[in-house]
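A short write-up of the structure that comes next.
Here is how names work: the chains are called A, B, and so on, in the same order as the sequence lines, proteins then strands, and each is numbered from 1. Since we're looking at a predicted model, the values are computed, not measured.
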Protein chains: 2
Amino acid sequence: MAAERTISGPCRAWPQDSVFIREVLDRIGDKWSVLVISTLGAAPLRYSDLMASVPGISQRMLTVTLKGLERDGLLTRTAFPEVPPRVVYELTDLGRSLLSAVMALASWAAVHHGEVAENRRVHDDVGVGRRKAG
Amino acid sequence: MAAERTISGPCRAWPQDSVFIREVLDRIGDKWSVLVISTLGAAPLRYSDLMASVPGISQRMLTVTLKGLERDGLLTRTAFPEVPPRVVYELTDLGRSLLSAVMALASWAAVHHGEVAENRRVHDDVGVGRRKAG
DNA sequence: CAGAATCCCCACGGATACTG
DNA sequence: CAGTATCCGTGGGGATTCTG
């Protein structure tokens with residue numbers, strides 16, 4: 001008899017992979033983390049440069065995001081004891097390795113976002129069509 | 001020449017890539033989408049099987065997530081006109097292509113989640129250390 | 001079995017004001 | 001310049017109940 005209809009556990013092909021996926025998504029699934037990581041992927045930047053380079057981010061969220069990423073060792077914070085103060089953020093090797101994986105997602109999006117948009121349009125049109133036809 | 005200190009625009013190395021990244025994250029950055037996609041990556045499943053295979057998801061969120069993914073053409077919904085009803089969800093080619101990119105993230109997590117956890121612990125210890133040392 | 005509908009909490013994140 | 005502190009609206013998502 002064996003398996004064939006044994007789903008039982010959390011999942012089949014990815015035992016605790018689901019846990020890992022959730023961990024990563026809890027980390028970079030927020031609104032700003034990957035934007036910050038991507039921006040720092042090009043070059044180390046100071047706080048004010050990040051504010052300018054990540055359009056729409058608020059001071060609060062930039063700070064919160066940076067602290068979170070620093071906590072996980074994805075970037076380093078270097079404060080120079082000058083006046084006026086200067087603080088530079090830079091990706092760690094770990095952060096850069098994550099950037100690669102994120103870029104894979106970005107590539108997927110670049111290739112398929114049009115298709116997704118089209119699917120969405122068609123799907124929504126069917127919806128209104130049913131209402132008119134019904 | 002020139003440049004070197006020209007950050008100006010949104011970002012440098014990824015003009016509208018940031019837009020694409022945000023699109024993907026708005027799609028899969030939620031709490032359940034990638035779990036559902038990953039689960040369906042192993043095999044097509046019916047609604048109740050998904051409930052069992054994605055631990056912790058509620059009926060509401062499974063339905064909402066499935067509808068969103070179907071809308072974007074990442075999976076198909078097939079309802080068999082039987083009683084009791086039977087509905088099977090299956091990834092489309094588009095969904096499977098996204099699964100590949102998601103798996104890249106999962107791999108990163110599988111390799112580095114320990115390192116991240118360690119960084120986090122060290123960082124937090126320094127925090128309490130400062131409080132005790134201060 | 002496979003949802004739809006409703007209620008409601010709370011934490012993510014924006015705006016603003018203040019500080020070393 | 002590089003933050004911190006506070007207030008507060010919005011919506012993501014959980015629990016529960018009802019239906020075809």
>> Restricting to side-chain hydrogen bond (donor to acceptor under 3.5 Å, both in side chains), what partner residues turn up for B/Tyr89, sequence neighbours left out?
In response: none
> Thinking salt bridges, do A/Lys67 and A/Glu70 make one under a 4.0 Å N-O criterion?
Replying inline: no
Is the shortest heavy-atom distance from the side chain of [X] to the side chain of [Y] under 4.5 Å?
X: B/Lys31; Y: A/Arg22; answer: yes
X: A/Leu94; Y: B/Glu115; answer: yes
X: A/Met51; Y: A/Ile57; answer: yes
X: B/Trp32; Y: B/Ile37; answer: no
X: B/Leu98; Y: A/His112; answer: no

Check the distance between [N]'s [atom2] and [X]'s [atom1] and give it to me in whole angstrom.
X: A/Asp26; N: C/dA11; atom1: CG; atom2: P; answer: 14 Å
X: B/Asp30; N: C/dG13; atom1: CG; atom2: P; answer: 13 Å
X: B/Lys67; N: C/dA2; atom1: NZ; atom2: C1'; answer: 11 Å
X: B/Leu25; N: C/dC12; atom1: CG; atom2: P; answer: 15 Å

Using a cutoff of under 3.5 Å, can you pull out all pairs of nitrogen or oxygen atoms linking the protein to nucleotides 14-16 of chain C, with atom names and distances?
{"residue": "C/dG14", "atom": "OP1", "partner": "A/Lys31", "partner atom": "NZ", "Å": "2.8"}
{"residue": "C/dG14", "atom": "OP2", "partner": "A/Trp32", "partner atom": "NE1", "Å": "3.3"}
{"residue": "C/dG14", "atom": "O6", "partner": "A/Arg60", "partner atom": "NE", "Å": "3.1"}

Measure the [atom1]-[atom2] distance between [X] and [Y] for me, rounded to the nearest 0.5 Å.
X: B/Leu74; Y: B/Ser97; atom1: CG; atom2: OG; result: 8.0 Å
X: A/Leu66; Y: A/Tyr47; atom1: CG; atom2: OH; result: 7.0 Å
X: A/Leu35; Y: A/Leu50; atom1: CG; atom2: CG; result: 11.0 Å

> Do you know which two heavy atoms are closest between A/Thr39 and A/Ser53, and how far apart they sit?
Replying inline: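 Distance-wise, the nearest heavy atoms are CG2-CB, 3.6 Å.
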> Which is the 5'-most and which the 3'-most nucleotide of DNA chain D that has an atom under 4.0 Å from a heavy atom of chain B?
Replying inline: D/dG13 to D/dG20
>> What's the angle between the local helix axes at either end of the helix from C/dC1-D/dG20 to C/dG20-D/dC1, using five pairs per end and rounding to 10 degrees?
In response: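 Axis-to-axis angle, ends of the helix: 50°.
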> With hydrophobic residues grouped by side-chain heavy-atom distances under 4.5 Å, do B/Val36 and B/Val88 end up in a single group?
Replying inline: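 B/Val36 and B/Val88: separate clusters.
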> Listed in order of residue number, which residues of residues 73-92 of chain A have a non-hydrogen atom at under 4.0 Å from DNA chain D?
Replying inline: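 Under 4.0 Å from DNA chain D: A/Arg77, A/Pro84, A/Pro85, A/Arg86, A/Val87, A/Tyr89.
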Would you give me the side-chain donor-acceptor pairs under 3.5 Å for residues 99-107 of chain B, sequence neighbours excluded?
{"residue": "B/Ser100", "atom": "OG", "partner": "B/Arg96", "partner atom": "O", "Å": "3.3"}
{"residue": "B/Ser107", "atom": "OG", "partner": "B/Met103", "partner atom": "O", "Å": "2.8"}

